[in-house]
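Below is one structure, written out as structure tokens, with a few remarks after it.
Since the structure is predicted, the reported quantities are computational estimates derived from the model, not experimental observations. Numbered from 1 within each chain, the chains take letters A, B, ... in sequence-line order.
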Amino acid sequence: MKSTILTTSILTLSIFGLLFSQSSCKKTTPPDPNEEELVTTFKIIFTDSAGTKPNVVAIYKDIDGDGGNNPSVFDTIKLQSNTTYNATILLLDESKTPADTISNEVLEEGNEHLFCFTPTNINTTIVRTDKDINNLEIGLRSKWITGAASNGTTQIVLRHQPDNTKNGSCNIGSSDVDLTFQTILY
Amino acid sequence: MYSCMHANAQTNCNQVLKGLVLESQSGLPIESVSVFIEGKAIGSKTNINGEFVLNGLCEGTYFLISKHLNHEIKREQIIVSNKNPFKTIYLNCHTDTLHQVMIKGARIHWEDVTVSNKVQGDDLKMSIGQSLGKSLEKINGVYNLSTGNNINKPVIRGLHSNRVVIMNNEIRQEGQQWGNEHAPEIDPNMAKEIEVVKGAQSIRYGSDIIGGIILVNPASLLTIKKTSAEINVAGFTNGRGLNISSMLEGSVLKNKNLNYRIQGSYKKSGNTKTPTYFLKNTGMNEINYSVALGYKKNNWNIEVYQSYFNTKIGIFAGSHIGNLTDLYAAFDAKKPIDSAKFSYNIGFPYQHVVHYLTKLKFNYFIKNTGNLSVLYGFQKNIRKEYDKTLQTKNDDGSYEPALNFDLYSNALDVNFEHKTIDRFNGNLGISSSFQKNNYYGNYFIPNYDRVNTGLYWVEKWHKNRFSFEGGLRYDINYFSVLKWKQNILTNSTHFYSGLASTFSSRYQFPYFTLHANVGTAWRSPFVNELYSNGVHHSAASFEIGDENLVPERNYNSSITVDFNYKNKVDMEFTIYNNYILNYINLQPKLPATLTIRGAFPTFFYSQVNANFSGLEYAATFVFLKKIQNHFKANITLAKDISNNKYLVGIPPAKIEHTLEFNLLKKKLINIKWSLNNSYTFQQKRVPLHADYVNPPKGYYLANSDFILEYKNVFVNFGIQNVFNTSYRDYMNRNRYFANEIGRNIFTRISIPIQ
């Protein structure tokens, strides 16, 4: 008799336990993709250090993020030859209003990020001009010294190098941004 | 599983039970076996042909005991009815006889019509501290799809994930098993035996068992006789890993009908090391427990079981790559660019998975009719995968999981096992499940509700040396999917239904046993195949689902021949073919998907007709009574028939030899030493341009084990990868980035406390 009561109570308890655990399972709508943080836009702004030639802006924009629709804008970088430009990179999330400036986070975590520039077939020298807290370059700001007129590409890669691995080398870490822009010096 | 239910006096007490006693491995009749009814003065001995007759039985249910000097005692339930039943009894040789031979890790459940393999006893003790998947590698033809050393997904005859069903203490395990890097959330420390049934032989647990089924079973609660405990400890040098597990069982309030078992385990390991370098961020922590309570009464019993599984696994830092360029750079590097030292610290990226399982089972024995069981299972699976990226960073500097899923699963099974009628014994039942998935992080698969209901009927028939089993199962499967499509929340539904069937037979010749099976099963496309859309970071690939996929259906056939000669030679040979219509396969798509992180090679789910066939061979030979030679070999040949191409990710052929010496065999003490040599071939049957790099070269590995058993204490000291060989394995997703781990010296101790 005693054991029957014990068993019954254990059973009742476990059934209540199950019902309780069930109640935590409620209907949910999936997270709105508009609320996800995306890097939709890469913008590089060139200003002539001498202040005489017009500013140049090149943009890559893919509002819906990876996959889905193709990027809506993927500009060619058109710079004048034999000029020294100061370049600034902006990373934006334009799927939100107002747009979120992701490059501020890159700057805050400058010691974990590095931009790497690889020009191919164009006569230009690119030098990073900003530094992180460990006095290592970041690359959000850079100097582009163009030579004779030429046609080619420039690969711009943002390397994420967490856990004190950053030492100035581009080999470390993984790519948060990897874009190859058609580039024309004229 | 049945409780004791001795039949009361019945009206008809002139029943005759005839039977035959055979040796399980050789199939030869055994003479002079005492066969008697437990608790009754009815008994007899077998004649030279192994036959016996018991007279004067009443109708009812009894336990039949068979005893013989050289064989293990056997206790089996029988139902005596007015149909004059015939019973074939199989006896196993004493496991402690020196002459006993058995194929390692390939122990066939001899009396079953179907062919299954088990990891149990010493084989299971020699797996302490390993994942469920690794423990199963002892079975011929079972591989693992791995991500590093800690994430292992069992691959049966070339198939895995949604095509392999895992029963966790009779409840179908429901995690996010579609993912290649999502290992089963099961603590093998709780198991008494792990059984693998390959192919479509088993229909009771689902109509979607295309590759095979794994049954992880704890010891029965109902047979606990006294309070006892067990402590298992294992330590490993590579990764400086530790595994502790303990178990306590007994009766509550000295009530022999109310039993409990409590079990828990803890596992920790740090960065593992290849022969030449450490693998950064490859540590793991795991904590698990289970509590079980069982109550039995004359003709019914009930069982409540709850388990908790919690694991945090570091993902090798070198495998976390941004895009294809990174992947090539990582592959070309002689050693990973990210160097590391030993550490227990788990940094980004990592997985954190928690799994709850609750089981409630009620069994009712209906006199002269059969056994009815009702089983309810509830599971909650919480999976969080963390990645340190710009997208996952919170304002406070912490990181939110990149992938975050909650999966709730409910299952209700009602099964009725009818008593033997005209040599027929069978099960029929209904099993239903309801499942709900929610995600919170990035999109990879949508939110969905899923309902599945199946009706099945399986019958077994046996006479003398022939047995037959046939089953049918009809299932319906319904998905309701909620997802964002171009900023509009859309609900779509899918409905699939189909019939599965299986037929198996077994004939026992002297020395030989022949098993033959044909079966067909079908599987609905799963939500990842229908709707996935995103980047797989460890594979640097973009995967796209297809809403219009149709179910895949397989036609499976297999023949197994067992041969046993005087317990000096024991062999098992299997040939199988598995043809899969509308096999869902990831195919490359051009052009690559352009993202801000670069271009990703793109794959989409499509359907082809595929064929999987293979051979499995295992044998044991005994020399000089003290030396056993175990051989194993298997090969899987898979092809996309529609395009006349090979398939990606099929395990390569493997051969293995184990030399086992019985160094000392006394009543209390038993010492063994074994040397295992294996060669895994290079997989050359791969499609062109479907993988970034060629499959790794074949490799040779040596392992050594020393076993000491004193009373019930079990000690296993050994070395894995004795020669510290550098190699890469085709089935490990980390093969692109790093070598496998090097030499690993370990000790395992298992201490039972009575």
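- Only the side chain of L489(B) comes within contact range of chain A, with at least one heavy atom under 4.5 Å from a heavy atom of that chain.
- Put simply, of I596(B), T602(B), L594(B), the one with the most heavy-atom pairs under 4.5 Å next to chain A is I596(B).
- Of all heavy-atom pairs spanning K280(B) and T165(A), the tightest one is NZ-CG2, 3.6 Å.
- Of the two parts of Q161(A), neither the backbone nor the side chain holds a non-hydrogen atom closer than 4.5 Å to a non-hydrogen atom of chain B.
- In terms of non-hydrogen atom pairs under 4.5 Å with chain B, the most contact-rich of K61(A), E108(A), E112(A) is E112(A).
- Crowding of N164(A) atom CG: a count of heavy atoms from other residues, nucleotides or ligands under 6.0 Å not exceeding 12.
- The distance from atom CG of N70(A) to atom OG1 of T593(B), rounded to the nearest 0.5 Å, is 8.5 Å.
- Both the backbone and the side chain of N171(A) come within less than 4.5 Å of a heavy atom of chain B.
- Within the 4.5 angstrom heavy-atom criterion, only backbone atoms of T41(A) (N, CA, C, O) approach chain B.
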